[in-house]
Amino acid sequence: MVVIRLPDGSKRDFDGPVTGLELAESIGRRLAKDAVAVRVDGDLWDLNRPIESDSDVQIVTREEDDGVEILRHDAAHLLAEAVKELYPETQVTIGPAIDNGFYYDFAREEPFRPEDLEQIEQRMREIVERDESVQREVWDRDEAVRFFTDLGEHYKAEIIGAIPAGESITLYRQGRFIDLCRGPHLPSTGRLGKAFRLTKLAGAYWRGDSNNAMLQRIYGTAWPDKKKLDKYLHQLEEAERRDHRRLGREMDLFHFQEEAPGSVFWHPKGWSLFQSLIDYMRTRQDAAGYREINTPELMDRSLWVKSGHVEKFGDNMFVTQTPDERVFALKPMNCPGNVQVFKQGITSYRELPLRLSEFGSVHRYEPSGALHGLMRVRSFTQDDAHIFCTEQQITEECVTVTKLILDIYRDFGFEDIRIKFADRPEKRVGADSVWDESEQALMTALKSTDLPYELNPGEGAFYGPKLEFVLTDAIGRDWQCGTVQVDLNLPDRLGASFIGEDGQKHPPVMIHRALFGSLERFTGILLEHYAGRLPLWLAPTQVVVATITSDADAYAMEVAATLRHHGIRVETDLRNEKINYKVREHSLAKVPVMFVAGKREAENHSVSIRRLGQKHQTSAPLASAVADVARECAQKRVVDGEAA
RNA sequence: GCCGGAAUAGCUCAACUGGUAGAGCAACCGCCUUGUAAGCGGUAGGUUGGGGGUUCAAGUCCCUCUUCCGGCACCA
């Protein structure tokens, strides 16, 4: 007899072994229909695998996270089966479930064409209709290797060959297709349903290593039902509408052109936004005890050799040779320049911590395939700063910076921030003992904030460990922006020192930190986060004063002058157009506030106020309307409901 | 950098198998003085990304370069 205990504590007795599907059927027809797997004593099992001893069992349905993942994994197998049927010469490799879907990597001489996806997807639907049973088989490792080698599936054989000898492995068979897999899988292909779609083709390196062969990856998305699939497809459209490259063009903020790949041409409105961010950050940093500097963009290559940048990132630096045959490098980072400022004169321990900030323009020769709008460029501006301090001051400085970062992100409406701790990478400078010290110091600081964090092993900078601040935008995407890095290497390499209490020279600790990271990128993130509807204080044009008839022109100019006098960025629209037309145009341009002035308003010295996104307008005396807008602009943070 | 795709008017997109480059919106010029998301009419706008080739003839076919798009790799 087999006793099954269910999550609610109830027990069910069976005469002999029972499968998850049978168990589900014994509970309810609906449950049996939605079941995709069972969790047996915590492990996920196939529905048709017999449970032979007393167990705690939970039915996993297609609606829950684990269930959806199984569906997606099944979709990947289905994709592989369809491809093998249509293109038998193709070798299969791996095909996991991923966020929102799945992919499968294939090795094939001839590339798949975009048109092929349609045919493959059609075949997948046919296999669903065939409702092939899916069988789990346990094989001996060596037999499996031989089996796949004989089939010509060399990648599969390689994967299995990497499994420790003697270990048994599981294969899944559906129709004529058989694949190595840990499982679990649905009992038959029909159970997957048809809420899936192949989405894109891509190249991908075998085992994620660019030294290996490039495989062909097919991506798809899969969901428990059509409704969820449609919702996802709709989300994709939404994301496309928010694309900062599109908004940049529509809002006339910036452009790119062939002569300057990866470098931005900022238009007046985009530059206004960019400068608003700098103004804001400058104000916050000044208040936090930073002193702003500026250092050269071109410096002799030898400095970069000394700092270690040439050795580690020389291939990614822009280098230029002058007529006098000196070689200069465009700075890829601000730190060496900042150290030069620190080195001027003799610094006493009494002057530490010394916080030097720089809105530094840096250039990095990014791989061509990495370029992406404002998000990944070859020249950008950092809100950089370097805090020179003693070892005793590390913790306090790191904690202060962390709080500043979180506080500033909140002003932009980012509440959901993750912190990652990245320790020493393989490619690094400095002795391990120095790394031990700096990692420990940064970790102490992190722990003293009591904030949750995760580890990101091996991802530190080449000169020190770092904290990475990851924010989540309005449509759930993650962006790494801020960083705090503890560096016990560079100051020493570049010959920086201060005089300690003991009258001796000591190398200072340098804390590198950036909050926005790249101003360009942060601008892009904000545009997408707000879908172009920037909060009032950041909007390039904050108010448009639009007239109804030309009778109100003089008054409208007076209104605009008053706004301008209050430091508000204002434009007038006196064109000979209907108010409907003007409202539509400025709404599409995402101007946050319109003051409409007609005869009535001119007579009683008021304005009709229309806020972007609101259906109805209000009316107010000019003085109070201006005061309200001025007050809101001065707040410099997102007010409720603005971050949509 | 690698794999695949794309590049036609400012934007979005047409132009069947090679045969006179076209539309909507935007722009500009008129008319209309207008009350909260598109009034009406007209005009102009192009070396079809660059270079080379095939052909009587190339936006269309071939080669090459550039850039962009989607991934992969990279991201100090």
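These numbers were taken from a predicted model, which means no experiment stands behind them. What's counted below: heavy atoms across the whole structure, side chains too, no hydrogens, waters or symmetry copies. Residue numbers start from 1 in every chain, and the chains themselves are labelled A, B, ... in the order their sequence lines are given, proteins ahead of strands.
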Checklist entry - Which part of the nucleic acid, if any, lies within reach of A:Gly308 when heavy atoms closer than 4.0 Å are counted: base, sugar-phosphate only, or nothing? => result nothing
Less than 4.0 angstrom between a side-chain N/O of A:His372 and OP1 or OP2 of B:rG70, yes or no? yes
**OP:** Determine whether the side chains of A:Glu358 and A:Thr295 contain a donor N or O and an acceptor N or O closer than 3.5 Å.
**Re:** yes
Numerically ordered, the residues 548-559 of chain A set in heavy-atom contact under 4.0 Å with RNA chain B is A:Ile548, A:Thr549, A:Ser550
Presence of donor-acceptor pair under 3.5 Å, side chain of A:Arg521 and base of B:rC75
no
From the candidates B:rG35, B:rG70, B:rC72, the one with an atom nearest any side-chain atom of A:Lys599 is B:rG35
- Answer yes if the side chains of A:Thr221 and A:Thr199 hold a donor-acceptor pair under 3.5 Å, and no otherwise. no
ask   = Given the C1' atoms of B:rA73 and B:rG19, what is the spacing between them in whole Å?
value = 46 Å
Identify each donor-acceptor pair in which a side-chain atom of residues 453-467 of chain A lies under 3.5 Å from a protein atom, sequence neighbours left out, and give them as a table.
residue, atom, partner, partner atom, Å
A:Glu454, OE2, A:Arg418, NE, 3.1
A:Asn456, ND2, A:Glu468, OE1, 2.9
A:Tyr463, OH, A:Gln485, OE1, 2.5

So the stems of RNA chain B, runs of at least three Watson-Crick or G-U pairs (under 3.5 Å), are B:1-7 with B:66-72, B:10-13 with B:22-25, B:27-31 with B:39-43, B:49-53 with B:61-65
Using only heavy-atom distances, determine whether the side chains of A:His372 and A:Glu366 contain a donor-acceptor pair under 3.5 Å.
-> no
| task | Classify the nucleic acid contact of A:Tyr103 as base, sugar-phosphate or nothing, counting any heavy atom under 4.0 Å across all strands shown. | result | nothing
(request) For A:Arg108, report the nucleic acid contact type (base, sugar-phosphate, nothing); a contact means any heavy atom under 4.0 Å. (result) nothing
Rounded to whole Å, the CD-P distance (A:Glu366 to B:rA73) equals 16 Å
Side-chain donor-acceptor pairs under 3.5 Å in residues 94-105 of chain A, sequence neighbours left out?
residue, atom, partner, partner atom, Å
A:Tyr104, OH, A:Asp179, OD2, 2.8
A:Asp105, OD1, A:Arg217, NE, 2.7
A:Asp105, OD2, A:Arg217, NH2, 3.1

The contact string for nucleotides 1-10 of chain B, one letter per nucleotide 5' to 3', using protein heavy atoms under 4.0 Å with B, S and - for base, sugar-phosphate only and none, comes out as BBBSS-----
Comparing A:Gly262 with A:Phe313, nearest RNA chain B nucleotide closer to 5' gives the residue A:Gly262
Under a 4.0 Å heavy-atom criterion, the protein footprint on nucleotides 37-43 of chain B, written with B, S and -, is BBB----
Between CG of A:Asn316 and P of B:rA73 the distance, given in whole Å, is 17 Å
Would you verify whether the NZ or CZ of A:Arg378 falls within 45 degrees of the ring axis of A:Phe318 while also being under 6.0 Å from that six-membered ring's centre?
no
Rounded to whole Å, the CZ-C1' distance (A:Arg575 to B:rA27) equals 12 Å
